[in-house]
Amino acid sequence: MASATAKQPAKAASKAASGGTGGSAGGAPAMPLASPLMGGLNKKKKPFLGMAAPLGYVPGLGRGATGFTTRSDIGPARDANDPVDDRHAPPGKRTVGDQMKKNQEEDEEDLNDTNYDEFNGYAGSLFSSGPYEKDDEEADAIYAALDKRMDERRKERRELREKEEIEKYRMERPKIQQQFSDLKRKLAEVTEDEWLSIPEVGDARNKRQRNPRHEKLTPVPDSFFAKHLQTGENHTSVDPLQGQFAGLATPFPGGLNTPYPGGMTPEAGELDMRKIGQARNTLMDMRLSQVSDSVSGQTVVDPKGYLTDLNSMIPTHGGDISDIKKARLLLKSVRETNPHHPPAWIASARLEEVTGKLQVARNLIMKGTEMCPKSEDVWLEAARLQPGDTAKAVVAQAVRHLPQSVRIYIRAAELETDIRAKKRVLRKALENVSKSVRLWKIAVELEEPEDARIMLSRAVECCPTSVELWLALARLETYENARRVLNKARENIPTDRHIWITAAKLEEANGNTQMVEKIIDRAITSLRANGVEINREQWIQDAEECDKAGSVATCQAVIRAVIGIGIEEEDCKHTWMEDADSCVAHGALECARAIYAHALQVFPSKKSVWLRAAYFEKNHGTRESLEALLQRAVAHCPKAEVLWLMGAKSKWLAGDVPAARSILALAFQANPNSEEIWLAAVKLESENNEYERARRLLAKARSSAPTARVFMKSVRLEWVLGNIDAAHELCTEALKHYEDFPKLWMMRGQIEEQSENIDKAREAYNQGLKKCPHSMSLWLLLSRLEERVGQLTRARAILEKARLKNPQTPEIWLESVRLEYRAGLKNISNTLMAKALQECPNSGILWAEAVFLEARPQRKTKSVDALKKCEHDPHVLLAVAKLFWSERKITKAREWFLRTVKIEPDLGDAWAFFYKFELQHGTEVKSFAEQQQEVKKRCENKNIGEILVLVASKIKNTF
């Protein structure tokens, strides 16, 4: 019967009905199965549905049905190994059906079109049903690392592509802010009056919205309330007739005829408004009497005391109050847990101090001194928190507990205001702690020199290992006693270098310079014998200190002793030059001079070392030292032309022309075919108006060392002296040998121009351009020649041809722009400038010219654009300085002039404009003449700049 199930519910129901007919004959008719009531009961699923049937369950047995078993209930015969058919098990627990369904779902593959990819096929792994082993995991990790590596390789390219796309998108679709940036810049030019004259935007609202009528509130007088209370009498009482005849009298309790009070209210007319006003006045008087004095009428609140109380109530910390409470509670727990822990008491006291409770902090720290009497920090904190006299008492108590504490003695001395009291405290401290160097130093500082010497004598006995005390005693002693003191110091401290250096300085100060070298050498030997490593950098620093103190011999001896320690032979030259530069940067010139002297002894034939030493003497030494060095230099390096020229120039600047000639004569002997020496000799004679000597020297130079520059100087000399024919002949002869030298063609054309031979000048320039097509000066000279004779079209064509042969050349573009501007064609010049800036966007000379091509209001905006493109170009900076100068902004103009000459000190145009600026706008900080002379002095020998070259190239300005 246990296997009987609900497979045939109709059969079971019929069997039950046939077995129970007698029981139901006399009762009510049976309710049909599909009745509404049953439907209502089956709306909610019962919890036992789907559960396994209990053992021995027979359907309908409770109603008297008799169950039986059929073949279909038993099922077919099964083997013992067959799985159990748990048909009555709940879903998910059925061993046969659910397992088969699960296997079927796993075997089935989703072959939908949306799950298909042309490269990968259907999604999912072919081996997803297989076991996932360790080698599978390792393979997946390797593939993941490869994917990550490939992604990193493509990352830079991808980011660059994304950046380019963003920039392209921004160029195609700029922001509103970028579109109006040029207009926003022009707002800076709007004056305050123009800004105020801009009309306001009209208000589109109607009149009622623009001028809303405010609600007016008027206080109501008391008579208004009294009047309305009287008029409302008929509504505040009940007519007795209405109570009798209108049905208002009810027998039930709670009606209007109730004996309870409430209906007998007084009439409205009995309200006394005068008494209400009096009560209000009385209340106001009471409030005023609380803050005013009844006698004098003045306030009884002290403003200063009130504000002081408020300040005391305001915490001085920046934390939250809840955090303060938590910290206080935590520190209390620490104190109670470990009362002998000094930091807990110090932290608690400081917390209360920060929160403004100073007295609580003092009480806490004093209790801390009781709990931790051997803590130095607690006593010092207590002395800090207590006022003056109390602090002294605290320190005295601390000394009794800690008689060996140096910090407490120092604090006690600091609390004393009288010098004698300080000395007394420190002497008492030294009696107890005689080996404290710190106490000795503080005590010695308070004494007079004689008493200090006596105290230092005692101090070095108590602290024989203190170098500072020994050196201080040596400074106060006489020469002989100081030597004895330093000898004792070396015996007690054989490993300190400062004692040896001080001994050397002592000997130098007393004139025994021959002992200085010996002392430093003995110092190196002694320190090495005692196992001290010689630190080269530390010794060089000591030498720099000696240099700054004026001990030149000592610093030089130290440099010579340690300069070669720890350096490889091949690195000596480079390292020593760096050391010399470092010493110069630190202001130790004697150290640098000693390094150069040692380097020249080691490398006597090195031209670069001699040059560095010569430039050092030129910048930081005297003329005599420079000339002496150069004499030694040319003796060791006779082939170094620059050394001969520096010596000759030094003599020439000093006014000794014969000496300069003799140096150049010696230079000729050492370098007979040197072009530089020949030209230097010619310049020397020309500057001293010895033109015949210069002509003879050039003739000799043309015969012994014929170069293009020698011929050029020869032509120029004859040209300056007015010998045009001789200059023309020399130029023709030079061009036969050096036809690719553009300056010769330029000089020939200019000579023809000076002689008014325009055709020959044009021919000379054209021939020069055939030989030297990349010479910008030739193109410019030919263009200006055509412009001067009125051939503007030809000049324009020449410049265009020059631009084709020499693309991206700012000088040619600049000349083209200026040509159109000089011709009055400003529109064409602006167009050419735009093209020039497109081809040469980083050219400073073009941006500088573009600033002044604009109208005056737009120049500032253009200068901003120029600075963005060429921030450190001297021509742009010079243009900005001139712009401020034109706007009468003197301070800013001077700043920009200084910035220009700092970036490019050799730009002659900048110095020329700066000099002219100072001539017009000298300030009162320096005298007018001083500023002029300073700028004029710095203008000398500046040969770079367009205007300066044009002026200097004219024959009348030569020599």
Side-chain angles (χ1 to χ4, degrees), residues 167 170-171 174-192 194-195 799 803 807-904 907-914 916-917 920-921 944-947:
E167 291 179 354
R170 290 300 182 196
M171 290 177 64
K175 297 181 181 178
I176 299 297
Q177 183 180 3
Q178 296 175 352
Q179 294 178 4
F180 291 95
S181 59
D182 54 342
L183 300 177
K184 290 171 67 177
R185 288 177 188 163
K186 295 181 181 180
L187 288 176
E189 303 168 4
V190 178
T191 62
E192 185 176 359
E194 292 175 350
W195 181 264
L799 291 175
R803 293 200 302 270
Q808 296 182 351
T809 306
E811 292 81 7
I812 302 297
W813 280 105
L814 181 61
E815 185 64 24
S816 301
V817 171
R818 289 178 175 174
L819 176 66
E820 304 298 340
Y821 189 82
R822 289 193 294 265
L825 304 174
K826 295 185 179 180
N827 294 332
I828 299 178
S829 66
N830 289 328
T831 305
L832 279 175
M833 178 58 74
K835 292 180 180 179
L837 291 176
Q838 287 180 356
E839 189 170 347
C840 307
N842 297 320
S843 173
I845 57 175
L846 289 177
W847 279 107
E849 187 71 18
V851 170
F852 290 98
L853 279 180
E854 298 288 338
R856 185 176 292 274
Q858 282 80 33
R859 287 180 182 176
K860 186 175 293 185
T861 304
K862 200 69 174 181
S863 65
V864 173
D865 297 336
L867 286 172
K868 288 181 180 179
K869 286 289 184 180
C870 310
E871 184 179 0
H872 301 292
D873 191 277
H875 298 90
V876 174
L877 299 179
L878 179 60
V880 175
K882 290 160 64 177
L883 180 62
F884 283 123
W885 185 7
S886 65
E887 295 177 354
R888 309 291 295 177
K889 296 179 180 179
I890 307 304
T891 305
K892 287 188 176 182
R894 181 175 285 108
E895 292 177 0
W896 283 90
F897 273 124
L898 290 172
R899 190 178 302 180
T900 305
V901 298
K902 183 178 181 181
I903 288 181
E904 184 55 68
L907 184 61
D909 289 0
W911 287 107
F913 279 111
F914 194 13
K916 183 179 179 181
F917 172 80
Q920 295 181 5
H921 306 286
I944 299 177
E946 181 185 7
I947 301 175

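Numbering starts at 1 and runs along the sequence shown. Atoms considered below: every heavy atom in the structure, side chains included; atoms not considered: hydrogens, waters and symmetry mates.
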Assess whether side chain to side chain contact (heavy atoms under 4.5 Å, CB included) is satisfied between Val901 and Leu907, documenting all intermediate values. CA-CA 7 Å; Val901 298; Leu907 184 61; over 6 Å; no

Within the structure provided, determine whether [X] and [Y] are in side-chain contact (heavy-atom separation under 4.5 Å).
X	Y	result
Leu867	Val876	yes
Arg888	His921	yes
Trp885	Arg894	no

Do the rings of Phe914 and Phe897 sit parallel, tilted or perpendicular, given the 30° and 60° boundaries?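 Aromatic pair Phe914/Phe897 classed parallel.
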
Could you grab the distance from atom [atom1] of [X] to atom [atom2] of [Y], nearest 0.5 Å is fine?
X	Y	atom1	atom2	answer
Cys840	Ile845	SG	CD1	8.5 Å
Thr831	Lys826	OG1	NZ	14.0 Å
Leu878	Glu904	CG	CD	11.5 Å
Glu895	Leu898	CD	CG	8.0 Å
Glu854	Met833	CD	CE	9.5 Å
Leu832	Leu814	CG	CG	11.0 Å

Indicate the atoms forming the closest heavy-atom contact of [X] with [Y], along with that distance.
X	Y	answer
Ser829	Val817	CB-O, 3.6 Å
Ala866	Val851	CB-CG2, 4.4 Å
Pro841	Trp847	O-NE1, 2.8 Å
Ile812	Leu799	CG2-O, 3.6 Å
Ala893	Ala881	CB-O, 3.7 Å

Donor-acceptor contact present, side-chain Arg899 to main-chain Pro874, <3.5 Å: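 Side chain of Arg899 to backbone of Pro874, a donor-acceptor pair under 3.5 Å: no, none is there.
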
Taking side chain to side chain donor-acceptor pair (under 3.5 Å) as the test, write out the residues that go with [X], two or more places apart.
X	answer
Ser843	none
Glu839	Trp813
Arg856	none
Trp896	none

Can you tell me which residue pairs pass the salt bridge (charged side-chain N to carboxylate O under 4.0 Å, His left out) test with a partner in residues 866-880, sequence neighbours excluded?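 Found none.
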
Could you give all pairs that pass the salt bridge (charged side-chain N to carboxylate O under 4.0 Å, His left out) test and reach residues 842-852, with sequence neighbours left out? Arg818-Glu849

Examine the side chains of Thr809 and Arg803 and answer whether a donor and an acceptor come within less than 3.5 Å of each other. no

Can you tell me if Phe852 has over 12 outside heavy atoms packed within less than 6.0 Å of its CZ? yes

In terms of heavy-atom contacts, does CD of Glu192 have more than 12 from other residues, nucleotides or ligands at under 6.0 Å? no

Counterpart residues, side chain to side chain contact (heavy atoms under 4.5 Å, CB included), relative to [X] (two or more places apart):
X	value
Thr861	Arg185, Glu189, Asp865
Lys902	none
Arg170	Ile166, Lys175
Ala855	Pro857, Gln858

For Ile890 and Phe917, run side chain to side chain contact (heavy atoms under 4.5 Å, CB included): C-alpha distance rounded to whole Å, both residues' side-chain angles, the deciding distance at 0.1 Å, then the answer. CA-CA 9 Å; Ile890 307 304; Phe917 172 80; 3.6 Å; yes

Sequence-distant partners of Lys889, salt bridge (charged side-chain N to carboxylate O under 4.0 Å, His left out), two or more places apart: Glu887

Counterpart residues, salt bridge (charged side-chain N to carboxylate O under 4.0 Å, His left out), relative to Glu820 (two or more places apart): Arg796

